[in-house]
Structures are given as C-alpha cells and as structure tokens.
Amino acid sequence: MAMTAEKTMASFAANDVITSPAHGRTGYKTFTLGSFQFSRDEYFAWIQWPAKGETRTHAMSIDAFLRALMRDVAWGFFYGWVNFDHVLGTRNHYGTVDLYAGTFNGTLRDAGVNYTENFETPLIMATFKAILHDWTNQAFDPFAAPEETGSAFGCKNGDNVEAIERTRISTIRMPGIPGDSPLRDDLPINRAFADVVQDEPRVVPEPGFENELHAFNLFKYLSRSDVTWNPSVTSVCKQSLFCPTTEEYILPIFHGNDRVEWFLQISDEIAWDIADKDSGEPRARVIMKAGDIAAMPADIRHQGYSTKRSMLLVWENGNGDLVRMHESGEIPPWPVVF
Ligand code: PHB
Ligand code: FE
C-alpha cells in the first residue's frame with residue numbers, strides 16, 4: 001500500500017529545521033518544507049504558507065494534528081487524499097505527494113488563498129517523521145484512543161519513539177501462515193472486547209495441502225489491537241485487500257479516496273460524515289450498525305465517529321490503474337448502478 005518510498009527514506013534528510021520565538025519557551029522545533037512552515041506551542045500546530053503576496057496562517061489543536069500526521073506517515077500517504085482537517089492535507093501521487101492548504105476547501109480556493117506544493121515522497125516523509133518525533137511528548141500516543149493515552153499538550157516533555165515507530169501490519173496472504181505476519185496473541189484483550197471469544201478455528205487440511213489452507217479468528221485478532229483507526233492489511237487475494245481495524249473516538253483524518261472502497265461494520269456502530277471530495281461541502285451522514293455494508297464512492301471524503309470501540313472491515317482494491325480509470329471518467333465513482 002504505497003509503502004515502498006519509505007525504504008529509500010534514509011537518503012533524504014528532513015528539510016531545514018529552524019527555531020521560532022515559541023522554541024525558547026516551549027522547546028519545540030519549527031520546520032520548513034518548501035514554502036510551508038510548521039510550528040507548535042502548548043496547544044496548537046501552526047501551519048503557514050504564501051498566497052496572494054501574504055503569509056497565511058492556520059491552526060489545529062495539536063492532539064488532532066499529531067493523530068492525523070501519525071496516520072499519514074504510517075500509511076505512506078494512503079490512497080488519494082488525507083485531509084488533516086478542512087484546510088490542510090496531502091494527496092498521494094505514488095512517488096510524489098502534494099501538500100496543500102485550502103486547495104480542497106471551496107471557500108478558501110475561491111478566495112485564492114490556497115496553496116499546493118509537490119514533494120518527492122521521501123522528502124515529505126522525512127520531514128513529517130521529524131515533526132512527529134519532535135512534537136510528540138512522552139505521555140502521548142497518537143494511535144491510541146483518548147481514554148488510553150496521556151496528554152499531547154504543554155511544553156516539550158520527552159518523546160515517545162516506540163509509539164510513533166509503529167507502522168501498519170502488512171500481510172502477504174494471511175496472519176499466522178509461517179513466514180507471514182503474526183497473530184498478535186501476545187497483546188492483551190482490549191477493555192471493550194472482554195466478551196470476544198478467543199478460540200481459534202481447527203484447520204484439518206488434506207495431506208499435501210498443509211501450506212494452502214489456513215484460517216484464524218479475526219474477532220480474537222481485532223480484540224487485541226492496541227491502536228485505533230489503523231487498518232492493517234490482513235488478507236491479500238490478488239487485488240482484494242481486507243483491512244480490518246478497531247475504531248474509537250474520531251477517525252483523525254477526512255479521507256478522500258481515489259477509488260471505491262467498501263466498509264463492513266463487524267461490531268457496534270460508527271457514524272460517518274460524508275462530504276464532497278473537492279469542496280468539502282457536506283453530502284451525507286451514514287450510521288452503520290453491526291452487519292451493515294456500504295460502498296464509499298470515489299468522489300467523496302469521509303470521517304467516522306465511534307463511541308464504543310468497534311470493529312470495521314475496510315475492503316480496498318489494490319489495482320493502481322483505478323486512479324487513471326476514475327480520472328478519465330472511464331468508470332463511474334460508484335461501484336453499482338441500480
Ligand atoms: C478510510 O479512510 O477509509 C479509513 C481509514 C482508517 C480507518 C477506517 C477507514 O480506520
Ligand atoms: Fe477511506
């Protein structure tokens with residue numbers, strides 16, 4: 001899932017690190033990436049860019065900013081658009097990445113105060129990782145549910161390298177097959193999933209098919225997930241990628257997909273805000289309860305809310321040619337015509 005750029009990252013250094021007036025007081029570094037500048041203080045991330053001859057400034061609550069940044073880094077910029085909020089975001093061109101402010105916000109774009117700059121993936125990745133490392137304090141885990149982590153706020157206070165070095169698990173075929181990703185039995189069962197049965201299925205292959213037939217308990221696997229809003233690629237069959245995940249609180253990004261994806265609500269409930277992909281104008285609110293299935297079209301952005309930790313299966317199509325097929329209008333943005 002567009003993770004290959006990370007492998008060459010070592011050859012790129014993060015862009016210039018400069019210090020701002022807040023640095024002396026709060027201890028955080030300020031970063032530049034092209035014409036963008038990122039700084040933080042006790043409560044906010046400040047993002048600046050040039051437009052119409054002036055410096056424009058946008059603020060995000062630092063906890064929301066770090067949660068979004070964590071996903072963008074761990075997912076290698078994901079499919080299509082990762083909107084940190086209604087202003088800031090990235091668009092993946094699989095090799096290069098656009099960083100934008102206001103470009104996918106109808107009001108800011110119409111006012112001409114938006115800005116987009118394109119970067120080689122390893123450079124923006126190295127810069128984003130450097131920001132994440134410097135701005136994440138020892139108590140804060142940007143992957144954790146708010147009830148399961150300490151505070152993101154305040155002056156610089158240590159770091160949390162272990163938490164932010166997690167990347168999504170990427171399976172070759174299925175967890176538990178020898179040589180493939182592990183079943184994570186070592187992790188504790190999450191407090192929200194104490195009732196999830198922990199049996200594994202009994203697999204009895206015919207002689208000679210021992211390496212062909214495999215099964216595992218997906219509910220058990222998910223009940224032990226220590227992160228939220230982080231789909232792992234858990235079964236791979238040609239271009240069909242099953243990416244289950246556990247969800248609590250708010251999906252930290254508004255994702256604009258460059259292809260259709262399917263959601264299968266495995267347990268509990270998620271509310272989705274759906275908006276136009278280009279302008280951000282609200283389009284729908286979808287409540288998904290256990291057993292519900294929905295297709296998310298390729299022309300929207302979406303953000304989910306889950307009070308009780310829930311299990312969601314995100315079903316992705318790994319075919320890279322879909323981007324071109326959607327952009328040229330060769331295929332419609334929805335999967336079924338009724
Ligand atoms: C999505 O954008 O489709 C998405 C991302 C992360 C999740 C769930 C869904 O945990
Ligand atoms: Fe999505």
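As the structure lists them, so they are numbered: ligands from 1, and atoms in each ligand from 1. Starting from 1, each residue takes its place in the sequence as its number.
For the ligand labelled ligand 1, residue His302 lies inside the 4.0 Å heavy-atom shell. Using a 4.0 angstrom heavy-atom cutoff, Trp81 does not count as in contact with ligand 1. In this structure, Thr228 falls outside the shell of residues with a heavy atom less than 4.0 angstrom from ligand 1.
Here is the list of ligand 1 atoms found below 4.0 Å of a heavy atom in Pro231: 6 (C), 7 (C), 10 (O). Close approach of ligand 1 to Glu261 (heavy-atom distance below 4.0 Å) involves ligand atoms 3 (O). Applying the 4.0 Å criterion to heavy atoms of Val314 picks out, from ligand 1, the atoms 8 (C), 9 (C). The contact set between ligand 1 and Asn230, taken as ligand atoms under 4.0 Å from a residue heavy atom, comprises 10 (O). Counting atoms of ligand 1 from 1 in the listed order, those under 4.0 Å from a heavy atom of Thr245 are 10 (O).
Looking at atom 4 (C) of ligand 1, its nearest protein heavy atom turns out to be Leu251 CD2, 4.1 Å.
When the heavy atoms of Glu247, Arg71, His255 are ranked by distance to atom 2 (O) of ligand 1, first place goes to His255.
Looking only at its N/O/S atoms, Glu261 has OE2 as the one nearest to the Fe ion (ligand 2).
Exactly one residue among Glu247, Lys289, Met311 makes a side-chain contact (heavy atoms from CB on, under 4.5 Å) with Ile270. That residue is Glu247.
Atom-to-atom distance recorded for Phe119:CZ and Thr127:OG1 is 8.0 Å, nearest 0.5 angstrom.
Under a cut-off of 6.0 angstrom, the local environment of CD in Glu330 is crowded, with over 12 non-hydrogen atoms contributed by other residues, nucleotides or ligands.
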*asked:* Assess the residue pair Lys220 and Glu200 against the criterion (salt bridge (Lys or Arg N to Asp or Glu O under 4.0 Å)); give the C-alpha distance rounded to whole Å, side-chain angles, the decisive distance to 0.1 Å, and a yes or no.
replied: CA-CA 8 Å; Lys220 172 186 171 189; Glu200 288 290 355; 3.2 Å; yes
_Checking Arg301 against Glu281 for the salt bridge (Lys or Arg N to Asp or Glu O under 4.0 Å) test, could you report, in this order, the C-alpha distance in whole Å, the side-chain angles of both residues, the deciding distance, and whether it holds?_
CA-CA 10 Å; Arg301 65 181 78 176; Glu281 247 192 282; over 6 Å; no
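Looking at Arg191 and Glu248, a side-chain N of the basic residue comes within less than 4.0 Å of a carboxylate O on the acidic one, giving a salt bridge. A salt bridge is defined here as a Lys NZ or Arg NE, NH1 or NH2 lying under 4.0 Å from an Asp or Glu carboxylate O, and Arg259 with Asp321 fails to meet this definition.
Centred on the Fe ion (ligand 2), the ND1 atom of His255 and the NE2 atom of His302 lie at an angle of 110°, reported to 10°.
Taking the six-membered ring wherever Trp is involved, the centroid distance between the rings of His302 and Phe254 does not fall below 6.0 Å.
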